[in-house]
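Following: one structure in structure tokens, then a few remarks.
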Amino acid sequence: MIPDKMLEILKYEGVVAIVTMGDECPHMINTWNSYIVVTRDGHLLLPVGGMIRTEANVEKNNNILLTLGSQEVEGNHGPGTGFLVKGTATFVKNGERFAIVKKRFPWARAAMEITILSVTQTL
């Protein structure tokens with residue numbers, strides 16, 4: 001389900017934006033391409049340090065939007081490409097998936113696990 005071009009983006013550094021829905025308005029946070037772990041079954045795992053508001057939003061509404069990109073990967077109209085991922089998120093604080101993240105990022109208090117519903121190339 002994850003396009004090869006999106007996997008290629010993850011080989012380069014770039015900003016990732018994650019949007020959740022709060023009570024009154026959307027809430028956005030950022031992380032880095034290099035922080036994303038792709039599981040064998042196509043889920044995304046991200047280390048969680050803070051993300052207090054994000055976690056509270058996900059508890060009420062687990063739908064998320066995520067964008068990522070890189071200037072280093074050829075897009076539809078020249079250098080640079082990006083993707084919009086729609087999915088659902090959960091915060092994992094123990095078990096195998098958390099251990100994967102904790103090993104790479106000792107500071108992580110949890111792992112955000114994203115189940116991908118759709119992926120759209122935007123550039």
Side-chain angles (χ1 to χ4, degrees):
M1 181 172 207
I2 300 175
D4 289 340
K5 194 166 288 241
M6 184 173 140
L7 293 173
E8 187 178 348
I9 285 172
L10 296 176
K11 296 176 184 174
Y12 299 94
E13 197 57 273
V15 175
V16 175
I18 304 165
V19 179
T20 58
M21 191 59 194
D23 289 333
E24 297 178 18
C25 64
H27 172 70
M28 183 178 290
I29 59 165
N30 295 113
T31 192
W32 300 105
N33 287 355
S34 61
Y35 283 17
I36 295 175
V37 176
V38 179
T39 66
R40 288 186 192 125
D41 60 354
H43 288 83
L44 305 179
L45 300 175
L46 291 83
V48 174
M51 296 191 194
I52 303 302
R53 181 182 283 171
T54 301
E55 184 174 13
N57 288 348
V58 166
E59 286 176 8
K60 295 177 185 177
N61 177 349
N62 69 347
N63 292 297
I64 62 100
L65 298 175
L66 177 146
T67 61
L68 69 154
S70 173
Q71 290 182 318
E72 308 301 323
V73 179
E74 189 71 18
N76 291 329
H77 307 288
T81 191
F83 285 85
L84 168 65
V85 176
K86 295 180 183 180
T88 58
T90 58
F91 281 70
V92 180
K93 298 180 181 176
N94 53 50
E96 181 183 346
R97 301 247 168 155
F98 175 62
I100 291 168
V101 169
K102 187 75 171 172
K103 183 176 180 181
R104 281 189 60 200
F105 306 98
W107 48 264
R109 68 173 185 85
M112 181 190 296
E113 181 176 6
I114 298 173
T115 300
I116 297 172
L117 301 175
S118 70
V119 177
T120 306
Q121 188 172 347
T122 58
L123 294 170

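These numbers come from a predicted model, not from an experiment.
- Formation of a donor-acceptor pair under 3.5 Å by the Asn61 side chain with backbone atoms of Gly22 is not found in this model.
- Taking CE of Met51 as the start and CG of Asn57 as the end, the distance is 12.5 Å to the nearest 0.5 Å.
- Nearest heavy atom pair, residue Val101 against residue Ala108, reads CG1-CB, 4.0 Å.
- For the atom pair CG of Leu123 and CD of Glu74, the computed distance is 11.5 Å after rounding to the nearest 0.5 Å.
- Ile114 pairs with exactly one of Leu46, Ile36, Leu45 by the side chain to side chain contact (heavy atoms under 4.5 Å, CB included) rule, that one being Leu46.
- What you find for Phe83 and Pro3 is that their closest heavy atoms are CE2-CG, 4.0 Å.
- If you chain together hydrophobic residues whose side chains sit under 4.5 Å apart, Leu44 and Val15 never meet in one group.
- In terms of modelled atom types and a separation under 3.5 Å, the side chain of Glu13 and the main chain of Ser34 share a donor-acceptor contact.
- Closest heavy-atom contact between Gly42 and Ile2: O-CD1, 3.8 Å.
- Both Ile18 and Leu10 belong to a single network of hydrophobic side chains, linked directly or stepwise wherever heavy atoms of I, L, V, M, F, W or Y lie under 4.5 Å apart.
- When every heavy atom of Ala110 is checked against every heavy atom of Lys93, the shortest pair comes out as CB-CG, 3.8 Å.
- One finds the CG atom of Leu66 at 10.0 Å from the CE atom of Met28 (value rounded to the nearest 0.5 Å).
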So Thr31 and Met112, side-chain contact (heavy atoms from CB on, under 4.5 Å) or not? Walk me through it. CA-CA 12 Å; Thr31 192; Met112 181 190 296; over 6 Å; no

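- Side chain of Thr115 to main chain of Gly87: no donor-acceptor pair is present (N/O by atom type, distance under 3.5 Å, no hydrogens or angles).
- Between the side chain of Asn63 and the main chain of Thr88, no donor-acceptor pair closer than 3.5 Å is present.
- Other residues, nucleotides and ligands contribute more than 12 heavy atoms inside 6.0 Å of the CG atom of Asn76.
- One hydrophobic cluster holds both Tyr12 and Val85 under the rule that ILVMFWY side chains link at heavy-atom gaps under 4.5 Å.
- Taking a 6.0 Å sphere around CZ of Arg53, one finds it holds 12 or fewer heavy atoms contributed by other residues, nucleotides or ligands.
- The two atoms that bring Ala89 and Val58 nearest to each other are O-CG1, 3.1 Å, heavy atoms only.
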Pair Lys5, Thr81 - check side-chain contact (heavy atoms from CB on, under 4.5 Å), show working. CA-CA 9 Å; Lys5 194 166 288 241; Thr81 191; 4.1 Å; yes

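- The hydrophobic cluster containing Val16 also contains Ile116, counting ILVMFWY residues as joined when their side-chain heavy atoms lie under 4.5 angstrom apart, directly or transitively.
- Within a 6.0 Å sphere centred on CG of Asn30, other residues, nucleotides and ligands contribute more than 12 heavy atoms.
- Under the 4.5 Å side-chain criterion, counting only non-hydrogen atoms from C-beta, Thr20 is not in contact with Lys60.
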Kindly indicate, with the supporting measurements, whether the criterion side-chain contact (heavy atoms from CB on, under 4.5 Å) is fulfilled by Glu113 and Thr39. CA-CA 10 Å; Glu113 181 176 6; Thr39 66; 5.7 Å; no

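- Heavy-atom minimum distance, Val119 versus Met1: CG2-O, 4.2 Å.
- Two different hydrophobic clusters hold Tyr35 and Leu68 under the rule that ILVMFWY side chains link at heavy-atom gaps under 4.5 Å.
- Judged by distance alone, with hydrogens and angles left aside, the side-chain atoms of Arg109 form no donor-acceptor pair with the main-chain N or O of Val48 at under 3.5 Å.
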